[in-house]
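Input: a single structure, listed below in structure tokens.
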Amino acid sequence: MAYPFSETEKKWQRYWLEHKTFKTEDKPDPKRPKYYVLDMFPYPSGAGLHVGHPEGYTATDIIARYKRLNGFNVLHPMGWDAFGLPAEQYAIETGTHPRVTTEKNIDRFRSQLQAIGFSYDWDREVNTTDPAYYKWTQWIFMQLYKKGLAYLADVPVNWCPALGTVLANEEIIDGKSERGGYPVYRRPMRQWMLKITAYAERLLNDLDELDWPESTKEMQRNWIGRSEGAEVRFKIDGHDEILEVFTTRPDTLFGATYMVLAPEHPLVHHITTDAHRAEVESYIREVSRKSDLERTELEKDKTGVFTGCYAINPVNNKKIPIWIADYVLITYGTGAIMAVPAQDDRDYAFAKKYALPIIRTVQPPEDFEGKAYTGDGIAINSSFLNGLKVNEAKEKMIQYLEENGLGKRKINYKLRDWLFSRQRYWGEPFPVLHDEEGQTCLVDETDLPVTLPEMEDFKPRPSDKDETEPQPPLSRAPESWKYVNKGGKIYRREYNTMPQWAGSCWYYLRYIDPHNDKALIDPDKEKYWMNVDLYVGGAEHSVLHLLYARFWHKVLYDVGVVSTREPFKKLVHQGMILGETEYTAYKDAQDNWLSFDKVSALSAKEMEEQGIKRIRLDEHQVTKSGDHFVLTEDNSIRVDARSFKMSKSRGNVINPDDIIKQYGADALRMYEMFMGPLEAMKPWSMTGVEGINRFLNRVWRLFIDENTQSVHAHISGDIQANNDQLRVLHQTIKKVSEDIENLRFNTAISAMMIFVNEANKWQRIPVGVLNEFLILMNPFAPHITEELWQRLNGASKGTIADQHWPVFEARYIEINEIEWVIQINGKIREKIKAPKNMERTAIEKLARESGRMPELLTGKTIRKIIVVPGKLVNIVVS
RNA sequence: GCGAGGAUGGCGGAAUUGGUAGACGCGCCAGAUUUAGGAUCUGGUGUCCCUGUGACGUGGGGGUUCGAGUCCCCCUCCUCGUACCA
């Protein structure tokens with residue numbers, strides 16, 4: 001009989017909840033070491049958990065249980081990132097209030113997580129939509145405001161009229177809204193901005209001290225995009241204004257033969273001459289109509305128009321034409337460039353197209369022509385720079401510019417300030433008041449939280465009119481909410497709400513002190529628990545969430561709320577779980593097989609037009625041939641073999657609930673950990689789940705006699721463990737401990753399988769050996785191990801949660817006799833049993849004389865014998 | 001284009017500092033048990049050749065070394081990220 005996972009798992013889940021087994025003490029023993037292991041909390045969507053969630057969550061749960069068994073105070077919490085657009089869109093479509101949907105989804109997520117047996121301290125659950133939580137999100141905003149890090153600005157935003165809100169860049173796919181596929185336009189709007197750029201240097205530098213994936217650190221570095229160069233001031237011919245540009249190549253200034261402004265640059269209208277005005281205006285209109293998608297598509301072909309106006313090159317006083325072109329971005333640098341076609345690919349392409357002059361100022365290698373030279377070399381055509389290498393020339397030019405007031409050294413960042421307001425209902429209200437003069441001030445701290453008003457109609461008001469400023473839902477809130485009397489003066493509240501990122505920027509702090517209504521966090525508790533020792537979550541948050549959270553953390557550090565400069569010491573991304581590998585063959589309209597290499601280049605549309613059909617094949621219908629798969633029945637027909645991202649439309653989604661129902665939570669946990677390395681992307685396999693299920697049943701039968709349904713008679717507390725049993729046990733202790741420390745859960749499980757395979761051969765088994773094994777396996781499969789522990793020990797020893805992790809003792813795995821490998825010229829020729837610590841000369845002699853070695857060595861000259869102690873002997877012969 | 005990571009049996013994946021390639025699991029093959037199927041248990045399973053104490057074998061090519069999946073150089077392919085950032 002299979003082990004009764006369903007009752008067993010429910011029994012222990014109930015036990016853990018009732019006994020608060022995994023409660024973290026509010027005043028933990030300060031002498032014990034602490035360990036803070038954190039999951040990225042989920043957005044509780046209507047779809048429920050997918051198999052990606054339990055992957056990272058199981059990994060952290062194993063660590064949490066392992067650390068507890070090793071005597072650590074462990075903080076392992078869970079909560080909900082519950083504000084955001086999906087709940088609001090769903091609300092709009094169905095008329096249900098987002099609060100209702102959100103509560104329902106949270107309840108579902110909580111019960112799903114509890115059904116997997118995660119050891120969270122549920123008394124510390126946080127919810128970003130809870131006023132008691134967002135009170136402190138608003139409080140943090142107030143600190144930002146007071147430090148001048150929050151400001152209102154007219155900025156170009158992604159406005160989606162159909163949804164009635166601005167969208168973040170990541171909420172837009174191919175120029176359309178991610179949700180609904182509605183068109184998105186750029187338009188200027190007055191928005192709250194956070195001055196993350198003020199922290200650019202610290203966000204960049206402090207990356208070095210973090211134990212994070214190198215790729216993630218690199219992405220953040222690229223995102224911050226620090227570059228060193230100079231700001232150069234150009235006079236404009238016939239105008240008083242100065243045109244400032246940023247360049248990383250001040251050394252090429254003598255080669256600047258024209259200037260380019262972004263079409264949105266504020267000086268464009270002013271400097272354009274009447275002769276060119278019509279052309280310029282029409283170009284600007286054309287560009288503004290282009291969506292982001294069109295701009296990318298037209299990437300290669302540069303366009304622009306001449307303004308009719310000239311700038312003066314400050315180093316040689318030459319007049320150079322000023323153009324506008326959309327290859328210059330208003331959002332980077334000063335929105336204007338000096339173009340140096342000889343040393344810049346983009347400028348070169350533009351200069352060629354519009355026949356603008358090209359002057360080389362760095363000597364290219366011989367035979368180099370027809371393109372820009374961006375490498376190092378000697379400065380030419382550059383007056384006082386001539387003969388200098390690029391770096392020297394840069395320095396000298398910057399010095400010259402500074403001495404003559406023509407420019408200065410400058411560090412520029414790609415990072416832009418954070419657009420922090422949304423025209424939505426379902427978000428944190430700003431703790432901000434507006435007076436009639438357009439001045440803003442904060443609400444009194446004692447008035448926090450500013451709660452969301454109850455509203456009948458929280459829908460955004462779609463609008464196509466460009467002229468009217470869109471009105472967020474909160475502008476239709478009851479008058480009593482909208483207007484506030486402060487010190488006898490009437491203010492109106494801010495109608496925008498905060499973006500979804502706000503709540504997730506600091507939730508890891510709130511878990512430490514979740515019910516504190518006097519402060520965001522108690523300083524003593526903060527000092528004890530911070531940093532987060534291990535943070536596990538998806539790589540999709542590599543930049544935004546992790547950068548925003550680091551930014552807020554640094555601000556909180558500056559105002560003295562936290563004591564560490566960085567929140568997350570070690571970060572790991574779990575890899576994506578793909579759908580089951582699919583084998584696909586193709587047939588044409590006449591039902592003839594088509595080899596995959598003939599159809600792989602076709603688009604879905606072309607295939608449909610030609611009547612080509614996809615045929616899903618079973619694993620057994622295909623054969624490997626070279627580096628690809630073919631039909632077993634016709635080897636000339638290639639087959640496509642791939643794993644795809646799980647998606648509803650593909651129909652390859654695995655629901656964790658189904659796995660739990662069929663195989664149990666322990667099987668789900670163990671399978672997800674056994675699939676492969678945590679960080680790797682890997683395909684799901686139903687037969688793999690069955691394999692784990694078989695293993696769990698083997699574990700059950702190792703303890704439980706199928707006939708009597710009680711513990712085997714040959715398992716007893718009176719038996720002394722023999723050497724073999726101690727060796728196998730301690731090898732397992734060693735391997736499992738090391739592997740958990742290094743997050744190599746797949747190989748830890750493999751070690752447990754080896755233990756069970758060995759243990760099944762034993763005639764009589766001491767209880768002590770099995771007890772230690774159960775503790776080792778407990779973090780992975782907590783339900784079955786607790787159940788077996790209870791059946792083995794009764795109530796005498798408490799539960800596994802009360803135990804201590806087994807101590808590895810090297811003496812049990814030391815063996816004298818080992819198998820030495822004997823090689824001739826690096827090829828294995830013989831294996832001999834001999835003492836492990838044998839003397840070099842003795843093992844050499846033994847190697848030469850054992851087995852067929854004398855025969856193989858006949859007529860050969862031994863030139864050298866290499867001995868690797870305890871491993872092998874390599875005899876080098878000529 | 002640029003940046004990062006990767007390529008090991010039919011499949012997922014193992015392999016301290018260079019030292020027995022393929023642990024463990026899946027699949028497959030054979031046997032046991034069973035009326036049969038399923039489940040379970042035992043054994044086998046990289047490729048090639050009739051064979052062996054054989055040869056070959058970690059994407060391809062070259063190198064270093066007594067010895068390379070591991071180190072160095074060149075190339076191919078895949079995945080992820082990014083995209084006119086001056």
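Residue numbers begin at 1 in each chain, while the letters A, B, ... track the order of the sequences.
- Taking the P atoms as reference points, B:U58 lies 15 Å from B:U47, given to the whole Å.
- Closest-nucleotide positions on RNA chain B for A:E214 and A:Y327 were compared, and the one nearer the 5' end corresponds to A:E214.
- To the nearest whole angstrom, the two P atoms, one in B:U35 and one in B:G27, are 26 Å apart.
- Shown here, B:G9 forms no base pair; nothing in the strands shown gives a Watson-Crick or G-U wobble contact with both key distances under 3.5 Å.
- A gap of 9 Å separates the C1' atoms of B:C49 and B:G54, to the nearest Å.
- A close approach under 4.0 Å does not occur between any side-chain nitrogen or oxygen of A:T747 and OP1 or OP2 of B:A23.
- In this model, a donor atom of one side chain and an acceptor atom of the other lie less than 3.5 Å apart for A:T747 and A:D739.
- B:U51 and B:G59 have their P atoms separated by 28 Å, with the value rounded to a whole Å.
- Both distances falling under 3.5 Å, in either a Watson-Crick or a G-U wobble arrangement, occur for no nucleotide opposite B:G38.
- A:R701 has a side-chain polar atom (N or O) that falls below the 4.0 Å cut-off from OP1 or OP2 of B:C41.
- For A:R642 and B:U79, the shortest distance from a side-chain N or O to OP1 or OP2 is not below 4.0 Å.
- B:C50 and B:A39: their P atoms are spaced 36 Å apart (whole Å).
- Here the side chains of A:M670 and A:F695 are in contact, with some heavy-atom distance below 4.5 Å.
- Listed pair A:R698 / B:G25 meets the phosphate criterion, a side-chain N or O lying under 4.0 Å from OP1 or OP2.
- B:U8 and B:A4: their P atoms are spaced 22 Å apart (whole Å).
- Across all strands shown, B:C66 pairs with B:G19; the Watson-Crick or G-U wobble distances both stay below 3.5 Å.
- At the phosphate of B:U20, neither OP1 nor OP2 sits under 4.0 Å from any side-chain N or O atom of A:N874.
- Comparing B:G18 with B:U65, their P atoms are spaced 16 Å from each other, to the whole Å.
- For B:U82, the paired nucleotide is B:G1, the pair qualifying as Watson-Crick or G-U wobble because both relevant distances are below 3.5 Å.
- Pairing partner, B:G27: B:U45, with both Watson-Crick or wobble hydrogen-bond distances short of 3.5 Å.
- For the pair A:I828 and A:P677, nearest-nucleotide mapping onto RNA chain B gives the more 5' position to A:P677.
- A gap of 14 Å separates the C1' atoms of B:G6 and B:G69, to the nearest Å.
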Given the rule in the side-chain contact (heavy atoms from CB on, under 4.5 Å) test, do A:L776 and A:I733 qualify, once you have shown the distances and angles that lead to the verdict?
CA-CA 7 Å; A:L776 292 181; A:I733 295 172; 3.9 Å; yes
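- One finds no side-chain N or O of A:K871 lying less than 4.0 angstrom from the OP1 or OP2 phosphate oxygen of B:G19.
- As the counterpart of B:A14, no nucleotide is assigned, since no Watson-Crick or G-U wobble pattern has both distances under 3.5 Å.
- Counting heavy atoms from C-beta outward, A:Y583 and A:D618 have side chains that stay 4.5 Å or more apart.
- In terms of phosphate contacts, A:R744 brings no side-chain nitrogen or oxygen within less than 4.0 Å of OP1 or OP2 of B:G13.
- A 4.5 Å side-chain heavy-atom check between A:D326 and A:T303 finds at least one atom pair inside the cut-off.
- Under 3.5 Å, the side chain of A:K302 and the base of B:C84 form at least one donor-acceptor pair of N or O atoms.
- The side chain of A:N222 places no N or O atom within less than 4.0 Å of a non-bridging phosphate oxygen (OP1 or OP2) of B:C2.
- Both the sub-6.0 Å distance and the 45° axial angle are satisfied by A:K302 relative to the ring of A:Y327.
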